[in-house]
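One structure is given here, and the rest of the page talks about it.
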There are 2 protein chains.
Amino acid sequence: MTGTGYCRADPNPHDQKAEHTLSMSSEHPTRSTTDDASAGRALVDRLRSDITSSVFAPMEKLKFADLSKRYDVGIGTLREALTQLASEGFVTLEAGKGFKVSPVSREELLEITAHFIDLEKRALAESIQHGDENWESNLVAAHHRLTLIERLSWAERMERHSEWVQRHREFHKALVIACPGKWLVRLRSLMFDQLDRYRFLSKRAPEGLGASKFDEHGRIKDAALDHDVDKAVALIEHHIRDTSERIVSLL
Amino acid sequence: MTGTGYCRADPNPHDQKAEHTLSMSSEHPTRSTTDDASAGRALVDRLRSDITSSVFAPMEKLKFADLSKRYDVGIGTLREALTQLASEGFVTLEAGKGFKVSPVSREELLEITAHFIDLEKRALAESIQHGDENWESNLVAAHHRLTLIERLSWAERMERHSEWVQRHREFHKALVIACPGKWLVRLRSLMFDQLDRYRFLSKRAPEGLGASKFDEHGRIKDAALDHDVDKAVALIEHHIRDTSERIVSLL
DNA sequence: GATACCATAACTTTCGAAACATCATGGATA
DNA sequence: TATCCATGATGTTTCGAAAGTTATGGTATC
């Protein structure tokens with residue numbers, strides 16, 4: 001049945017190159033460059049998204065019987081998906097006791113934030129230096145897609161939160177994608193995905209947060225397009241640090 | 001808790017704490033703190049080891065039928081193991097075409113080396129600052145186990161190469177295990193394991209390499225036990241960089 | 001009353017067959 | 001000759017039943 005017909009509607013506007021055929025946490029949800037066998041990979045994304053958005057609470061036990069019904073997939077497929085999420089740090093696997101959602105903590109947030117700032121700064125600097133016209137176009141497009149949602153009212157944003165998460169991820173990815181160091185991109189993606197779990201906690205914060213982040217994204221984009229490495233790096237560091245600090249104060 | 005009775009012979013001399021119940025590439029082969037369901041995890045380790053030691057060549061296709069016979073496990077179990085190795089970067093998974101061993105390249109070696117140096121230095125510095133008596137004892141023991149093999153003749157070392165890899169990994173891990181940042185340890189382990197693939201290439205290098213490395217390990221251990229952060233960090237940076245440069249020259 | 005023991009239930013882990021996709025071959029057609 | 005489609009072969013992906021393990025609860029024993 002030809003893949004599964006996941007997203008034929010979207011002309012998939014970025015190619016950048018052949019790019020990584022990696023498999024890690026690089027390529028994600030709906031749109032699906034070099035996608036997997038699709039059934040299995042789609043499950044990984046749904047599970048990760050559900051963990052990120054606290055559908056399953058930290059430390060909650062993930063039972064195969066339940067999940068199998070919920071996602072309508074076989075046990076083997078589930079196990080494969082959970083194994084990958086374990087490698088990414090979203091769940092833990094113990095002895096013969098199955099999978100649990102990884103815990104969250106203030107300390108972990110602080111550590112992940114520090115690593116992400118470090119990696120993102122380096123990746124962004126290299127990306128700006130190596131980015132070509134294609135990279136610029138893709139960046140502009142990704143930012144535009146993000147603003148379309150960020151412009152909405154708070155209530156509307158809440159409804160389409162998973163879409164925002166997705167576009168926010170794509171925007172940040174678009175910033176660093178021209179970085180030649182594949183592992184640098186990979187490691188920073190790992191940390192970015194972990195931060196998603198904590199970002200969700202700031203979902204409740206009414207306004208106040210969204211507005212300033214909206215501006216920051218635009219300024220970072222502009223600095224990147226100007227190939228102003230220092231400015232872009234400084235802005236993104238502030239962007240990340242500020243966001244995390246707001247989240248810390250909510251814990 | 002009986003686990004599965006993997007290694008009763010070894011009194012398992014390090015506890016450090018409750019430690020990470022993580023699942024990533026943290027805990028490895030034979031000895032096995034917090035081990036997995038054992039059948040599946042053992043397979044992951046054998047596969048990783050076989051990829052590392054070029055039993056399977058880079059870019060080689062990994063067929064389920066072959067592997068199933070070779071390791072005497074079911075297809076589902078294999079798939080789960082390969083999924084994990086894909087997350088760690090040892091294999092790649094494409095569309096409906098199965099798994100392939102990841103390629104190696106000079107550029108990747110250089111990048112991995114740079115990341116590993118950076119991460120290992122930071123982890124070591126923090127580990128030294130936080131290490132207690134238990135950490136020191138474990139470090140001394142790990143170093144001793146390593147020297148037992150390094151003291152052997154070149155021919156003997158060759159025969160017990162996989163054991164050396166294991167003990168070398170444990171020694172380096174013992175150095176940084178007191179680092180409080182779990183993700184820092186995790187990321188540096190990821191890079192360490194990747195470097196193992198390249199270290200194997202230097203296996204052929206007759207003598208010359210082994211001797212100097214032998215001394216370096218000892219000096220790093222001593223500096224760590226002296227809690228001399230600057231010295232230990234400088235030594236380990238040289239240790240890693242020098243090793244990698246020798247390997248680069250063999251490519 | 002507390003503890004050890006054993007049966008039962010709940011769940012995890014493993015396996016391989018069936019469904020599905022891709023690739024290679026060869027013959028028909030323009 | 002080159003292109004295209006059928007066809008078979010090889011290999012991957014998915015699933016759920018069977019085997020194995022851990023937790024649960026109840027009974028006998030001290």
Side-chain angles (χ1 to χ4, degrees), chain A residues 1-8 21-23 27 32-47 56 59-87 90-102, chain B residues 1-8 21 23 27 32 34-47 56 59-87 90-102:
Chain A
M1 47 37 174
T2 94
T4 40
Y6 21 76
C7 68
R8 195 128 29 73
T21 48
L22 292 173
S23 85
E27 233 50 84
S32 59
T33 335
T34 349
D35 204 355
D36 217 337
S38 144
R41 177 53 53 96
L43 176 62
V44 173
D45 291 329
R46 283 208 286 163
L47 266 170
F56 304 109
M59 296 301 275
E60 181 173 344
K61 185 154 202 298
L62 297 170
K63 284 180 270 200
F64 284 100
D66 295 349
L67 298 183
S68 188
K69 275 200 312 175
R70 183 179 222 277
Y71 296 105
D72 192 38
V73 294
I75 291 177
T77 308
L78 259 174
R79 178 156 254 274
E80 183 187 332
L82 287 171
T83 297
Q84 179 173 337
L85 291 177
S87 286
F90 287 96
V91 301
T92 62
L93 171 57
E94 207 177 346
K97 302 172 43 181
F99 293 87
K100 280 213 286 272
V101 177
S102 296
Chain B
M1 52 30 182
T2 92
T4 38
Y6 21 76
C7 65
R8 197 126 26 78
T21 49
S23 86
E27 233 50 82
S32 58
T34 350
D35 204 355
D36 217 338
S38 140
R41 178 52 53 97
L43 176 63
V44 173
D45 290 330
R46 283 210 286 164
L47 265 170
F56 305 109
M59 295 301 274
E60 181 173 345
K61 185 153 202 297
L62 297 171
K63 284 179 268 197
F64 285 101
D66 295 350
L67 299 183
S68 188
K69 275 198 312 175
R70 183 178 222 279
Y71 296 105
D72 192 36
V73 294
I75 291 177
T77 309
L78 259 173
R79 178 156 254 274
E80 184 187 331
L82 288 171
T83 297
Q84 179 173 337
L85 292 177
S87 286
F90 287 96
V91 303
T92 62
L93 172 56
E94 207 177 346
K97 303 170 48 177
F99 292 88
K100 280 212 287 269
V101 178
S102 296

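This structure is a prediction, so every number in the text was calculated from the model and none was measured. Reminder, nothing fancy here: chain letters follow the sequence lines and each chain counts from 1.
- Comparing B:K97 and A:K97, the nucleotide of DNA chain D nearest to each residue sits closer to the 5' end for B:K97.
- Between B:E94 atom CD and D:dT13 atom C1' the separation is 16 Å, expressed in whole Å.
- Of the residues in residues 59-72 of chain B, those placing a heavy atom less than 4.0 Å from an atom of DNA chain D are B:K61, B:L62, B:K63, B:F64, in numerical order.
- Scanning all heavy atoms of the two residues, the minimum distance from B:L78 to B:L43 falls at CA-CD2, 3.9 Å.
- Between A:T83 and B:E80, the side chains place a donor N or O and an acceptor N or O closer than 3.5 Å (distance only, hydrogens not considered).
- The minimum heavy-atom distance linking B:E94 with B:K100 is given by the pair OE1-NZ, 3.6 Å.
- For A:R46, the side chain to side chain contact (heavy atoms under 4.5 Å, CB included) partners are A:Y71, not counting sequence neighbours.
- Note: CZ (B:R79) to P (C:dA21) measures 14 Å, nearest angstrom.
- In this entry the distance linking NZ of B:K100 with P of D:dT12 reads 11 Å, nearest Å.
- The interatomic distance linking A:F99 (CZ) with C:dT13 (P) rounds to 6 Å, in whole Å.
- DNA chain C contains the following stems of three or more consecutive Watson-Crick or G-U pairs, with both distances under 3.5 Å: C:1-30 with D:1-30.
- As a whole-Å value, the separation of A:I75 CD1 from C:dT14 P is 13 Å.
- In this structure a side-chain-to-backbone donor-acceptor pair under 3.5 Å is missing from B:S68 to B:I75.
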